[in-house]
Amino acid sequence: MFRKNVAYALSYSTTPESVEALINSIPDKDTSGRERIRTSLTGLTGHSVDSGVDQLSPEKTQNACRFWWRENKGKVRFAERLEFVCPMK
């Protein structure tokens with residue numbers, strides 16, 4: 001449950017490191033946690049994690065996401081920081 005909540009919180013992040021942390025978490029043993037990770041990645045990057053990889057193992061899905069991220073990291077535009085929710089310094 002904790003990892004699922006962390007994945008949800010990271011979906012509001014605005015840094016490339018949050019995408020990398022989510023990708024690193026894809027092989028989570030908890031299936032609901034993995035689903036939240038996939039949803040958070042899609043929300044952050046605009047790229048559907050499931051496109052073409054939904055039948056792959058978590059490890060293969062992770063590799064596919066890492067490959068996509070390497071190719072597209074510089075193209076992803078994150079939303080403005082949510083300063084009104086929580087000031088970040």
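- I26 is listed as a side-chain neighbour of L41, based on a closest heavy-atom distance under 4.5 Å.
- Using a 4.0 Å cut-off between charged side-chain N and carboxylate O, E20 and R66 make no salt bridge.
- Remark: side-chain polar atoms of R36 are not paired, donor with acceptor, to backbone N or O of A7 under 3.5 angstrom.
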- Message: Run V76 and V19 through side chain to side chain contact (heavy atoms under 4.5 Å, CB included) and show every step you take.
- Response: CA-CA 10 Å; V76 172; V19 174; 5.9 Å; no
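- Taking every heavy atom of both residues into account, S40 and L22 meet most closely at CB-CD1, 3.8 Å.
- Partners of W68 under the ring-ring contact (aromatic ring centres under 6.0 Å, His included) rule, at least two apart in sequence or in another chain, are H47.
- Scanning all heavy atoms of the two residues, the minimum distance from A21 to L10 falls at CB-CD1, 4.1 Å.
- Here the straight-line distance linking atom CD of Q62 with atom CG of D28 works out to 11.0 Å at 0.5 Å rounding.
- Residues I37 and S25 approach most closely at CD1-O, 3.1 Å, considering heavy atoms.
- Remark: L44 CG to S13 OG distance equals 6.5 Å, nearest 0.5 Å.
- In this structure the side chain of S57 reaches within 4.5 angstrom of the side chain of K60, judged on heavy atoms.
- The backbone N or O of P27 sits nowhere less than 3.5 Å from a side-chain atom of E59 that would complete a donor-acceptor pair.
- Looking only at distances, no side-chain donor or acceptor of N72 sits under 3.5 Å from a matching main-chain atom of K75.
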- Task: Given side chain to side chain contact (heavy atoms under 4.5 Å, CB included), test R34 with T61 step by step and report yes or no.
- Result: CA-CA 11 Å; R34 279 198 311 268; T61 300; over 6 Å; no
